[in-house]
Amino acid sequence: MAKKNEKIEYVKNGKRVDGRKVDELRPIKMEVGVLPNADGSAYLEWGQNKVLVGVHGPKEALPKHKQNPYKGLVRFVYRMATFSVPDRKNPRPGRREVEISKVSGEALEKAIFLENFPNCAIDVYLEIFDSNAGSRAAGITAASLAIADAGIPMKDLVCAVGVGKAGGEIILDLNKTEEDAPDAVDIPIAIMPRTKEITLLQMDGLFTKAEWKKASKLAFEGCDQLKKMQEEALRKKFDTAEKKK
Amino acid sequence: MAKKNEKIEYVKNGKRVDGRKVDELRPIKMEVGVLPNADGSAYLEWGQNKVLVGVHGPKEALPKHKQNPYKGLVRFVYRMATFSVPDRKNPRPGRREVEISKVSGEALEKAIFLENFPNCAIDVYLEIFDSNAGSRAAGITAASLAIADAGIPMKDLVCAVGVGKAGGEIILDLNKTEEDAPDAVDIPIAIMPRTKEITLLQMDGLFTKAEWKKASKLAFEGCDQLKKMQEEALRKKFDTAEKKK
Amino acid sequence: MAKKNEKIEYVKNGKRVDGRKVDELRPIKMEVGVLPNADGSAYLEWGQNKVLVGVHGPKEALPKHKQNPYKGLVRFVYRMATFSVPDRKNPRPGRREVEISKVSGEALEKAIFLENFPNCAIDVYLEIFDSNAGSRAAGITAASLAIADAGIPMKDLVCAVGVGKAGGEIILDLNKTEEDAPDAVDIPIAIMPRTKEITLLQMDGLFTKAEWKKASKLAFEGCDQLKKMQEEALRKKFDTAEKKK
Amino acid sequence: MENILWNVKTDKVLSLIKEGKRADERKLDEYRSISITKNISENADGSAKVKLGDTEVYAGVKMMPGTPYPDNPDQGTISVGAELMPLASPEFEVGPPREKAIELARVVDRCIRESKTVDFKSLCVREGELVWIVFIDTYVSNYDGNAFDATSIAALAALNLVQIPKLEDDKIVKGEYTGKLKISKQPLLSTVAKIGGKLVSDPTLVEEKAMEARFSCGTVDDTIMCAFQKGEAGSFTVEEIDECIDRSFKNSKEIRKLV
Amino acid sequence: MENILWNVKTDKVLSLIKEGKRADERKLDEYRSISITKNISENADGSAKVKLGDTEVYAGVKMMPGTPYPDNPDQGTISVGAELMPLASPEFEVGPPREKAIELARVVDRCIRESKTVDFKSLCVREGELVWIVFIDTYVSNYDGNAFDATSIAALAALNLVQIPKLEDDKIVKGEYTGKLKISKQPLLSTVAKIGGKLVSDPTLVEEKAMEARFSCGTVDDTIMCAFQKGEAGSFTVEEIDECIDRSFKNSKEIRKLV
Amino acid sequence: MENILWNVKTDKVLSLIKEGKRADERKLDEYRSISITKNISENADGSAKVKLGDTEVYAGVKMMPGTPYPDNPDQGTISVGAELMPLASPEFEVGPPREKAIELARVVDRCIRESKTVDFKSLCVREGELVWIVFIDTYVSNYDGNAFDATSIAALAALNLVQIPKLEDDKIVKGEYTGKLKISKQPLLSTVAKIGGKLVSDPTLVEEKAMEARFSCGTVDDTIMCAFQKGEAGSFTVEEIDECIDRSFKNSKEIRKLV
């Protein structure tokens with residue numbers, strides 16, 4: 001962790017603290033269909049972040065009084081393993097996990113043909129086993145894959161990424177050192193790339209509108225890259241499945 | 001707060017520490033119909049105490065196995081805001097709040113024609129935003145108003161007041177300084193004034209029967225005053241409603 | 001409590017620290033039918049351990065989705081009173097109590113004709129009021145009596161005892177001093193004596209297979225003694241009931 | 001479910017009480033027999049079991065060192081817990097204490113606390129740093145009415161037996177004691193149920209099912225009261241309360257001889 | 001249960017909004033009237049009640065001494081709580097805060113925290129040992145939509161009134177204060193609902209029932225933003241977000257005059 | 001719901017096992033293949049993922065400074081947690097650990113603790129003041145039976161990799177370590193299911209659905225046992241237990257080579 005009073009140059013000769021360009025994502029690895037007992041699943045490594053997602057459903061939503069007769073529910077559970085953070089996390093879910101679960105589920109709803117599944121629930125369970133800034137974006141990106149893997153009809157994949165500021169520079173996909181900058185701004189954003197719709201948007205820090213304009217452009221570009229990786233991961237699973245036949 | 005070892009004269013020349021007479025209530029302000037979304041509501045200031053009450057119902061009692069086929073239920077929730085007391089209160093309800101909720105609900109039941117509402121519940125929610133001795137009496141007095149405001153048929157209003165002892169004197173409506181007297185006795189009491197029935201009675205402290213005789217007389221007199229104020233508050237709301245027509 | 005570094009001879013001239021022989025049980029007192037409101041009950045003193053058990057049922061298992069249409073459920077609740085241990089126990093049940101409840105219930109199931117009670121539950125509630133090693137064995141032994149007292153048909157009584165090692169010696173029914181030996185091994189075991197079936201078996205400590213052979217033999221002998229006491233206690237209750245007629 | 005059976009039973013109770021009679025032939029102001037078993041747990045610092053008719057309560061006390069409240073740096077305190085065990089009645093559930101058990105614990109706590117029978121200053125070990133907390137935990141193991149009085153008797157009986165543990169380096173030395181805890185008064189609750197308009201002392205479970213209201217009065221001795229608690233949906237007149245108070249003095253005087 | 005009634009109401013809202021109109025005759029970017037009552041609790045160190053149309057929020061602040069986080073030994077902190085009171089709507093339940101209330105509290109917390117309006121270093125009493133924790137607790141007592149803005153206004157109004165309690169031996173001296181807490185900026189949330197494809201500021205309850213998505217933007221002043229929060233299942237285009245941001249600057253500028 | 005499907009499957013398992021066969025063609029005393037992935041989390045002080053057939057468990061260890069128990073002022077301790085993730089099976093629920101997960105955690109804890117593979121005295125930093133607590137947390141991410149063995153293997157594999165964090169002023173210096181935690185023994189659980197009267201090692205989920213009883217034996221090496229746990233409603237004869245013990249020694253010997 002960067003000492004907050006230390007003077008760091010967050011971009012020097014076009015390179016960031018970890019050698020990336022301002023619009024460059026950390027290394028990402030995606031794998032689909034990793035959990036035999038889930039209807040759909042994905043494992044994603046994004047820099048140091050490691051995310052496992054499983055999807056159960058669509059299935060009847062219980063208890064009954066929570067059912068919606070017009071469309072299915074997305075119930076998203078985001079959790080962090082005790083050992084996934086620098087200090088041991090309390091095993092009980094905290095308020096941060098509750099909020100992230102809520103907005104992450106909302107970020108996925110629009111991409112799913114929920115009207116096909118009245119009275120049903122789609123349960124998305126996500127566990128972070130290692131983290132270093134950007135775990136909610138990694139989670140949404142992985143969850144979108146797992147939902148597709150479950151064969152649930154979708155209008156588009158959902159891609160999510162962090163964008164923001166460190167040392168006065170607008171950069172894509174902040175890592176922990178950058179998030180700890182004295183002037184850091186962190187903006188997790190989820191996008192349906194085909195229609196360019198934003199389904200998650202949060203912000204921490206002090207930011208001007210001009211900076212936002214620059215940052216949002218970076219975010220859309222990053223999500224285009226992510227979508228290609230997602231498609232590649234789904235294709236790979238499909239090819240493997242074909243070969244097994 | 002009075003230091004417990006300090007020698008205080010709790011009644012001097014017929015005047016108490018805050019200038020009141022022994023049988024005098026603190027200044028009280030009552031307002032009815034303050035919450036648009038509740039079926040009935042009241043806001044009450046009693047000395048420094050500030051109480052907001054809302055009533056929902058009568059409505060079907062759920063879960064079903066809690067229903068009583070012969071009469072309605074009163075479900076009373078007494079809560080204190082974190083900032084309503086000298087030290088910050090834990091936001092989670094404590095055992096004191098649970099007990100007060102129970103006895104306050106019981107104090108109101110007899111005044112309501114509950115037999116008119118089989119299988120139903122009347123939910124009374126009360127929040128104390130500021131306090132200084134006597135919040136449960138203030139709460140019951142306000143709740144009775146809110147129930148009347150909800151148009152629920154009642155045999156009588158319920159009035160509640162604290163009565164007790166400080167510095168050897170039997171006094172009406174103790175404030176915090178008096179409650180902190182070394183020999184303090186605090187007796188919250190709720191009364192249906194028309195029939196002179198006691199529906200709540202608790203006591204803390206050391207007291208003789210002779211003292212109780214004197215105290216109970218003060219309490220009945222205090223409740224007669226309260227009833228007049230309650231009726232005035234209800235009339236005011238009715239008048240205002242009439243004028244709007 | 002024995003200091004762990006102190007050199008204790010756990011068996012000296014054939015006698016243990018409390019004067020017992022290696023295969024001798026502590027003094028045991030059993031009484032059946034002690035709780036008027038329970039369908040069956042028992043009170044048991046075993047050395048310093050004091051156990052009260054009550055049984056309710058068989059009755060319809062609720063909530064309904066927990067019902068098994070083929071056989072009844074045993075729901076076992078093991079709890080320790082706050083004052084039953086050297087340090088005050090937190091009134092909330094801990095993980096130890098949850099585990100003991102689970103395995104104790106499982107230890108009793110095979111002895112009961114549960115197939116006679118589809119969709120039903122047999123609730124066993126047990127409270128330890130005083131303890132000194134061996135409370136779960138005492139509890140299972142007492143619970144078996146209470147179930148018999150409730151008139152629930154059983155294939156056999158269940159007897160349970162602790163067996164293990166202290167100071168290198170294989171001994172029956174360890175007390176607290178023995179359980180605190182540096183090399184202590186504690187093996188709670190439950191047996192259906194007629195068919196010699198083991199229905200509970202746990203172990204803490206370092207043990208060889210040869211030692212287990214010796215220990216299991218001791219356990220079976222101990223359970224034979226326990227069964228006689230259980231039968232005696234049931235007979236006594238039956239005789240008393242007869243006399244009252 | 002069992003409503004019909006209870007209705008038959010409570011109808012019977014009501015018709016008897018209207019004639020001034022009770023199912024168990026007691027007078028309206030009469031208590032059931034009381035038996036007290038002392039020292040029911042060696043791990044407790046004081047303990048007792050009380051039977052009031054078929055109502056049975058176990059009580060145990062543990063003294064634990066703790067830090068004082070900032071407001072009262074020279075005082076220890078007491079804490080009363082009450083559990084209505086699922087054992088005691090098919091109506092009680094497993095789980096965290098419900099409002100009934102919380103009310104029971106708090107009323108018994110107030111009766112002991114306000115009587116000042118335990119001198120909180122005597123519980124101070126080192127001002128501002130270390131005081132004794134006297135945990136009094138009670139368990140209703142068979143419920144046949146009047147848990148208030150039975151629990152109050154059990155708590156007091158256990159308290160009367162408390163030995164103060166020895167401290168070394170501010171930690172308890174297991175099994176060693178420095179003397180008895182001083183209990184200067186004998187506060188007890190005494191409860192009256194109002195049934196069919198009559199006042200009935202020490203109600204049984206079926207009487208409680210028939211009662212409109214309940215009033216408990218704690219007394220310290222023959223003249224001083226230390227607690228009131230009215231419960232349930234019914235009401236009392238002030239004359240009825242006065243009668244309840246008189247009975248409490250009378251009945252607790254008798255019970256005090258047994259504790 | 002009430003679905004049919006709500007459907008009728010939301011259909012009405014939708015058809016009005018398609019014509020650029022609202023049931024209460026406001027313009028799409030217009031706020032309801034706001035009234036602020038200051039000092040609603042003497043026990044609080046600062047407090048206020050805010051009415052935004054029929055949405056009502058009580059807020060109170062308590063400053064409490066505590067130990068700093070090891071990472072920031074020279075800094076105090078703030079904590080924001082939010083409760084959707086059962087009073088406020090028949091749809092809210094008694095019990096621990098659900099995800100709606102948790103989201104509300106956390107977004108209001110971020111808006112204040114990230115604005116740096118409270119200098120956490122100024123909350124340090126003794127580095128590594130004692131700092132102030134500023135507890136801002138809010139209660140929605142009547143819910144007619146847009147709890148985010150109403151709660152943010154109430155929290156800021158209460159914060160602006162906070163007096164710092166006097167400390168003696170690291171304990172608070174009740175009723176004595178050493179001065180006002182310095183609040184250097186006036187951060188406020190401003191929320192837009194997307195309804196039938198249109199952007200609608202300060203939505204009422206029935207408008208929220210009809211909305212697809214919600215976006216709140218926190219602003220510190222006329223040029224700096226300090227928080228975003230998008231909610232609900234719908235989406236926004238980047239152009240819509242830009243429009244929401246512009247409205248937030250404009251609307252919060254007006255509200256800032258009242259706080 | 002799925003009962004009928006399970007009944008068909010377990011009937012099949014039972015009829016196969018009566019002939020000494022298994023659905024996956026294993027022998028009755030044979031394990032599924034095991035694969036171990038080390039260091040699956042950089043934030044953990046040691047971590048591993050284990051696959052036992054299709055049963056998958058993540059384990060991570062965090063060492064945290066804490067205060068010792070008064071009884072053992074010169075000893076640290078371990079703590080084992082286990083979570084049956086909702087991911088792992090549609091039958092597992094979100095929420096606090098149920099009795100199944102608690103039993104799993106406690107048995108794995110006892111197997112490690114009683115083996116004395118971690119010397120608790122070596123975890124002491126300053127007697128009576130500061131010791132290490134070794135938190136071993138495990139997550140079952142896909143459940144196809146025999147969580148006991150898979151979790152025990154994962155916990156041990158993670159423990160074998162633990163680096164001791166550097167302390168400065170009694171606080172952890174992030175990312176710096178002073179050496180490896182000494183693990184002197186390799187305790188492992190080995191589980192046998194009794195199905196149709198036969199003993200079946202390393203049961204799959206469908207075999208567990210058909211089993212009457214389960215017995216797990218922890219072994220430290222080729223001659224010493226450190227834990228027993230019998231589970232489920234069925235019973236074992238003492239001869240069957242002896243056979244289970246023999247198998248545990250044999251099977252754990254093989255697994256020990258992989259960890």
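Worth knowing before you read on, the calculation uses all heavy atoms, side chains too, and leaves out hydrogens, waters and symmetry mates. These numbers were taken from a predicted model, which means no experiment stands behind them. Just so it is clear: chains get the letters A, B, ... in the order the sequence lines come, proteins before strands, and each one is counted from 1.
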Gap separating the [atom1] atom of [X] from the [atom2] atom of [Y], nearest 0.5 angstrom:
| X | Y | atom1 | atom2 | answer |
| --- | --- | --- | --- | --- |
| Asn142(E) | Leu35(B) | CG | CG | 5.5 Å |
| Phe135(E) | Phe83(B) | CZ | CZ | 14.0 Å |
| Arg88(B) | Ile133(E) | CZ | CD1 | 9.0 Å |

Measure [X] against the heavy atoms of chain E and call it side chain, backbone, both or neither at under 4.5 Å.
| X | result |
| --- | --- |
| Val77(B) | side chain |
| Arg79(B) | side chain |
| Ser131(B) | both |
| Val53(B) | backbone |

Heavy-atom pair of closest approach, residues Ser84(B) and Ser41(E): CA-OG, 4.3 Å
On a heavy-atom basis, the closest approach of Leu87(E) and His56(B) is O-NE2, 3.6 Å
Under a 4.5 Å cutoff for heavy-atom pairs, which residue among Ser141(E), Gly81(E), Ser47(E) has the most contacts with chain B? Ser141(E)
Highest number of heavy-atom pairs under 4.5 Å with chain B: which of Ala44(E), Ser89(E), Pro86(E)? Pro86(E)
Would Asp87(B) and Lys174(E) count as a salt bridge (Lys or Arg N to Asp or Glu O under 4.0 Å) here? Give the steps. CA-CA 9 Å; Asp87(B) 288 311; Lys174(E) 302 274 160 66; 3.6 Å; yes
Check the orientation of Phe129(B) and Tyr58(E). Use parallel for under 30°, tilted for 30 to 60°, and perpendicular for over 60°. parallel
Does atom CG of Asn90(B) have more than 12 heavy-atom neighbours, drawn from other residues, nucleotides or ligands, at distances under 6.0 Å? yes
More than 12 heavy atoms of other residues, nucleotides or ligands under 6.0 Å from CZ of Phe113(B): is that the case? yes
I'd like to know if the side chain of Lys59(B) and the backbone of Pro90(E) have a donor-acceptor N/O pair within less than 3.5 Å. no
Can any side-chain N or O of Lys62(E) pair as donor or acceptor with the backbone N or O of Lys89(B) at less than 3.5 Å? no
Which one, Pro93(B), Ala81(B), Pro91(B), leads in non-hydrogen pairs under 4.5 Å with chain E? Ala81(B)
Quick one: what part of Glu42(E) sits under 4.5 Å from any heavy atom of chain B, side chain, backbone, both or neither? both
Is it the side chain or the backbone of Met85(E) that comes within 4.5 Å of chain B heavy atoms, both, or neither? side chain
Which residue, Asn132(B), Asp130(B), Thr82(B), forms the side-chain hydrogen bond (donor to acceptor under 3.5 Å, both in side chains) with Asn43(E)? Asp130(B)
Using atom types as modelled, flag every donor-acceptor pair under 3.5 Å from a side chain in residues 100-107 of chain E to any protein atom, sequence neighbours excluded.
unit_1	atom_1	unit_2	atom_2	d
Glu103(E)	OE1	Lys102(A)	NZ	2.6
Glu103(E)	OE1	Arg214(E)	NH2	3.3
Glu103(E)	OE2	Gln229(E)	NE2	2.9
Arg106(E)	NE	Glu99(A)	OE1	2.6

